[in-house]
Trainee: 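If you scroll down you'll find the structure; I have some questions about it.
All ligand and atom numbering here is 1-based and tracks the order in the structure.
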Amino acid sequence: MAIMFDLVENNIAKRETQIAVVGLGYVGLPVACCFAAAGFEVTGVDIQVERVRQINEGVSPIKGCEPGLAELLATVVSSGRFQATTDYDQIRDVDIILINVETPVDADHKPKYKALQAAIRSVGQILKDGALVIVESTVAPGTIYGVVKPLLEASSGKKLNDGFFLGHCPERVMPGKLLANIAEMSRVCGGSSPEAAHVMASLYRTIVRADLDTTDYVTAELVKTAENAFRDVNIAFANELALICEANGADFMAVRELVNKSPGRNVLLAGAGVGGHCIPKDPWLLVNSSIDKLPIRLIPAAREVNEYMPYHMLHLIETGLARHGLEIDGARIAVLGYAYLENSDDTRNSPSITLVNQLRECGAIVVIQDPHVPEFVGPWEDAVREANAAVFMVAHEEYLQIKLNELAQCLVTPVIVDGRQLFAGQRAAFSGLTYLGIGNIGKSPGIDSSLWLLNK
Ligand code: SAJ
């Protein structure tokens with residue numbers, strides 16, 4: 001075994017190791033480009049014919065602002081170091097195969113591994129003796145051992161740590177910063193043996209400038225899902241504190257600022273909800289292996305709090321309109337922000353989708369504006385003109401420049417519902433407006449506190 005790893009390490013140093021990347025999405029494509037730019041010959045595999053065609057023409061299929069990616073792709077494709085295919089037979093002789101396919105959860109919060117299983121099965125059928133398979137997709141603890149290992153052994157006829165080696169190096173990228181994240185974020189190299197983990201670190205050292213921590217693959221599975229569950233629980237605390245501030249007629253941002261003066265405290269930002277491709281999903285992956293065996297309560301409860309927030313925005317809209325004798329039914333509501341994150345075009349699991357669906361179910365006429373989402377671009381003024389309420393769901397840079405009094409002049413009724421603390425600094429302009437912010441609804445008498453019960 002040691003002889004094999006020395007050989008692989010030497011080949012890595014000489015850039016003679018053949019690499020394949022299965023799944024050319026927002027994680028697989030940039031990592032394939034990075035290894036090609038580092039001097040390796042890389043073959044990408046994807047099931048989408050059109051995506052493969054675009055890539056082989058040196059055109060990035062990833063839309064949105066990804067600094068450097070389109071240029072890097074064009075360079076490595078034209079140099080011949082990177083090519084894409086739909087045919088697994090093209091990677092029959094590669095030494096290292098990275099797996100970057102989707103690993104969503106279903107409505108019951110259970111992992112859906114259809115894409116992962118299909119990829120692993122196909123890889124097993126062409127697996128070279130002594131190859132190293134590294135899963136970069138985020139998976140539930142226990143998946144590498146319980147799903148990937150048996151499937152790879154069955155489809156290849158080889159045995160783990162004999163005929164092939166396994167690793168888990170969870171991706172740590174965010175839309176908008178893919179290439180920068182790959183180079184600058186530390187990575188956990190979880191191997192099926194210490195030697196495999198060491199080879200992983202040698203491989204990633206060619207593209208990663210940050211720490212490369214070697215461990216076993218179960219630890220690696222726990223680290224990635226736990227880091228995102230930790231963030232979700234912390235956001236949920238901020239959201240629940242905001243609801244408590246509302247019930248007490250207090251200002252969440254003022255309370256938060258003073259709490260965070262206490263050493264070791266860092267209350268995050270309460271908001272209109274938690275979207276994206278990671279945070280809503282990874283907590284369920286983390287608890288998946290334990291929730292049926294142990295009293296796992298905090299992480300699911302945090303998910304419930306965060307999933308509730310777009311519904312709370314609906315309650316605030318109802319409250320604001322009611323002060324002007326209006327109901328949601330028949331009201332014209334401008335929703336500002338459809339992406340899940342500020343200054344992003346990514347709408348995956350966006351809280352705005354939940355809110356817009358609820359508003360329409362209640363009979364509202366909804367006008368959506370988002371400067372980063374192609375179907376909703378346009379001046380925010382056009383969206384709010386003639387509206388009965390302006391609802392801010394995302395803290396896009398564009399909205400930070402809005403003056404409340406100018407906004408109020410565009411509205412038929414001056415109802416502003418602020419889901420991202422956008423106007424916390426314009427308190428002076430609140431008079432004469434019906435301003436309701438997450439965690440800051442003023443000392444309004446007569447608000448039915450039952451609105452804040454968690455039952456949606
Ligand atoms: N959000 C809040 N309050 C906060 C922070 C975020 O409501 O204080 C909301 C956002 O509006 C968004 C959602 O949560 O809807 C997720 O926001 P995020 O800042 O966590 O951004 P993501 O989804 O891109 O998370 C990624 C994750 N990175 C990886 O999975 C590699 C996460 O681990 C990072 O902490 C996060 O980026 C980051 O920004 O660092």
Side-chain angles (χ1 to χ4, degrees), residues 25-28 30-31 64-66 100 102-104 136-139 169-188 208 210 220-243 252-253 256-257 259-260 265-286 302-303 305-310 312-313 336-355 370 372-373 392-397 399 418-422 424 437-439:
Y26 71 90
V27 182
V31 80
C65 172
E66 287 299 344
N100 275 296
E102 60 161 12
T103 52
E136 289 200 327
S137 304
T138 302
V139 292
C169 184
E171 55 88 3
R172 276 181 171 161
V173 291
M174 290 158 258
K177 313 178 233 180
L178 297 178
L179 288 185
N181 286 162
I182 287 172
E184 294 154 13
M185 300 278 273
S186 66
R187 301 290 290 271
V188 177
V208 175
E221 290 170 324
L222 285 161
V223 166
K224 173 60 193 285
T225 50
E227 70 191 33
N228 282 349
F230 179 76
R231 186 160 177 85
D232 197 50
V233 168
N234 280 273
I235 295 170
F237 178 84
N239 285 332
E240 192 145 271
L241 176 58
L243 298 180
F252 164 78
M253 290 300 275
R256 171 180 181 264
E257 184 184 347
V259 167
N260 287 348
R265 293 345 184 246
N266 176 31
V267 176
L268 297 180
L269 285 171
V274 174
H277 52 290
C278 300
I279 308 299
K281 164 180 73 102
D282 292 355
W284 293 119
L285 291 175
L286 173 63
R303 283 277 74 234
V305 170
N306 291 336
E307 291 293 329
Y308 164 70
M309 297 313 285
H312 188 62
M313 290 293 287
L336 288 307
Y338 201 73
Y340 85 88
L341 194 66
E342 58 272 14
N343 309 319
S344 166
D345 68 337
D346 195 337
T347 61
R348 281 173 290 185
N349 299 313
S350 170
S352 300
I353 297 170
T354 303
L355 177 68
D370 188 309
H372 298 278
V373 179
F392 290 85
M393 293 293 287
V394 187
H396 287 320
E397 181 62 35
Y399 302 149
D418 180 359
R420 294 292 173 193
Q421 328 294 343
L422 286 166
I438 292 279

Trainee: Is S344 near ligand 1, meaning one of its heavy atoms is under 4.0 Å from it?
Mentor: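 It does not; every heavy atom stays at 4.0 Å or beyond.
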Trainee: How far is atom 4 (C) of ligand 1 from its nearest protein heavy atom, and which residue and atom name does that atom have?
Mentor: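 Looking only at protein heavy atoms, the one closest to atom 4 (C) of ligand 1 is L269 O, 3.6 Å.
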Trainee: With a 4.0 Å cut-off on heavy atoms, is M185 in contact with ligand 1?
Mentor: no
Trainee: Using a 4.0 Å cutoff against the non-hydrogen atoms of R172, which atoms of ligand 1 qualify?
Mentor: 31 (C)
Trainee: Given F252 and L243, is the side chain to side chain contact (heavy atoms under 4.5 Å, CB included) satisfied, shown in steps?
Mentor: CA-CA 9 Å; F252 164 78; L243 298 180; over 6 Å; no
Trainee: What is the nearest protein non-hydrogen atom to atom 1 (N) of ligand 1, stated with its residue, atom name and distance?
Mentor: I235 CD1, 3.7 Å
Trainee: Quick one: does I438's side chain get under 4.5 Å of D418's, heavy atoms only?
Mentor: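 No, too far: nothing below the 4.5 Å cut-off.
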Trainee: Could you check if a side-chain atom of N100 sits within less than 4.5 angstrom of a side-chain atom of V31, using non-hydrogen atoms only?
Mentor: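 A side-chain contact under 4.5 Å exists here.
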Trainee: Atoms of ligand 1 less than 4.0 Å from L341 heavy atoms?
Mentor: 10 (C), 12 (C), 17 (O), 19 (O), 21 (O)
Trainee: With the side chain counted from C-beta on, respond yes when T138 and E171 share a heavy-atom pair under 4.5 Å apart, and no when they do not.
Mentor: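 Sidechains of E171 and T138: in contact.
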Trainee: Could you check whether any side-chain heavy atom of E342 comes within less than 4.5 Å of a side-chain heavy atom of E397, counting everything from C-beta outward?
Mentor: no
Trainee: Taking only heavy atoms of C278, which atoms of ligand 1 are found under 4.0 Å from at least one of them?
Mentor: 30 (O)
Trainee: With heavy-atom distances below 4.5 Å as the criterion, would you say the side chains of H396 and H372 are in contact?
Mentor: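 They are in contact (side-chain heavy atoms under 4.5 Å apart), so the answer is yes.
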Trainee: If you count the atoms of ligand 1 from 1 in the order shown, which ones are under 4.0 Å from a heavy atom of M174?
Mentor: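 Heavy-atom distances to M174 below 4.0 Å select 24 (O), 26 (C), 28 (N), 36 (C), 37 (O), 38 (C), 39 (O), 40 (O).
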Trainee: With backbone taken as N, CA, C and O and side chain as the heavy atoms from C-beta onward, which portion of V274 lies under 4.0 Å from ligand 1: side chain, backbone, both, or neither?
Mentor: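 It is both parts that get close, each with some atom under 4.0 Å.
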Trainee: What distance do R348 atom CZ and Y340 atom OH have between them, rounded to the nearest 0.5 Å?
Mentor: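 Those atoms lie 7.0 Å apart.
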Trainee: If the cut-off is 4.0 Å to any non-hydrogen atom of N228, which atoms of ligand 1 fall inside it?
Mentor: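 Within the 4.0 Å cut-off of N228, ligand 1 contributes 27 (C), 30 (O), 32 (C), 33 (O).
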Trainee: For atom 5 (C) of ligand 1, which protein heavy atom lies nearest, and how many Å away is it?
Mentor: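 So the nearest neighbour among protein heavy atoms is R231 NH2, 3.5 Å.
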Trainee: For ligand 1, which atoms have a heavy atom of G273 less than 4.0 angstrom away?
Mentor: 7 (O), 9 (C), 15 (O)
Trainee: Could you identify the single nearest non-hydrogen protein atom to atom 24 (O) of ligand 1 and state the distance to 0.1 Å?
Mentor: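 Heavy-atom neighbour on the protein nearest atom 24 (O) of ligand 1: Y340 OH, 3.0 Å.
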Trainee: For the aromatic rings, using the six-membered ring if either is Trp, is the centroid distance between H277 and Y26 under 6.0 Å?
Mentor: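 Centroid separation for H277 and Y26: below 6.0 Å.
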Trainee: Below 4.0 Å from any atom of ligand 1, is there a heavy atom belonging to E227?
Mentor: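 False for this residue.
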Trainee: Which of the atoms of ligand 1 are close to K224, meaning less than 4.0 Å from one of its heavy atoms?
Mentor: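 Result: 30 (O).
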Trainee: Numbering the atoms of ligand 1 from 1, which are under 4.0 Å from a heavy atom of R420?
Mentor: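 Under 4.0 Å from R420, ligand 1 has these atoms: 2 (C), 7 (O), 11 (O).
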Trainee: For ligand 1, indicate whether the residue V173 contacts it via side chain, backbone, both or neither (heavy-atom separation under 4.0 Å).
Mentor: backbone
Trainee: What is the nearest protein non-hydrogen atom to atom 16 (C) of ligand 1, stated with its residue, atom name and distance?
Mentor: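 Residue, atom and distance for the closest contact: G275 O, 3.6 Å.
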Trainee: Is any side-chain heavy atom of V223 closer than 4.5 Å to a side-chain heavy atom of R187?
Mentor: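 In short, these two side chains do not touch, never coming nearer than 4.5 Å.
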Trainee: Just so I know, are the side chains of E307 and V274 near enough to count as touching, which here means a heavy-atom distance under 4.5 Å?
Mentor: no
Trainee: Would you say that L268 contacts N266 through its side chain, given a criterion of any heavy-atom pair below 4.5 Å between the two side chains?
Mentor: yes
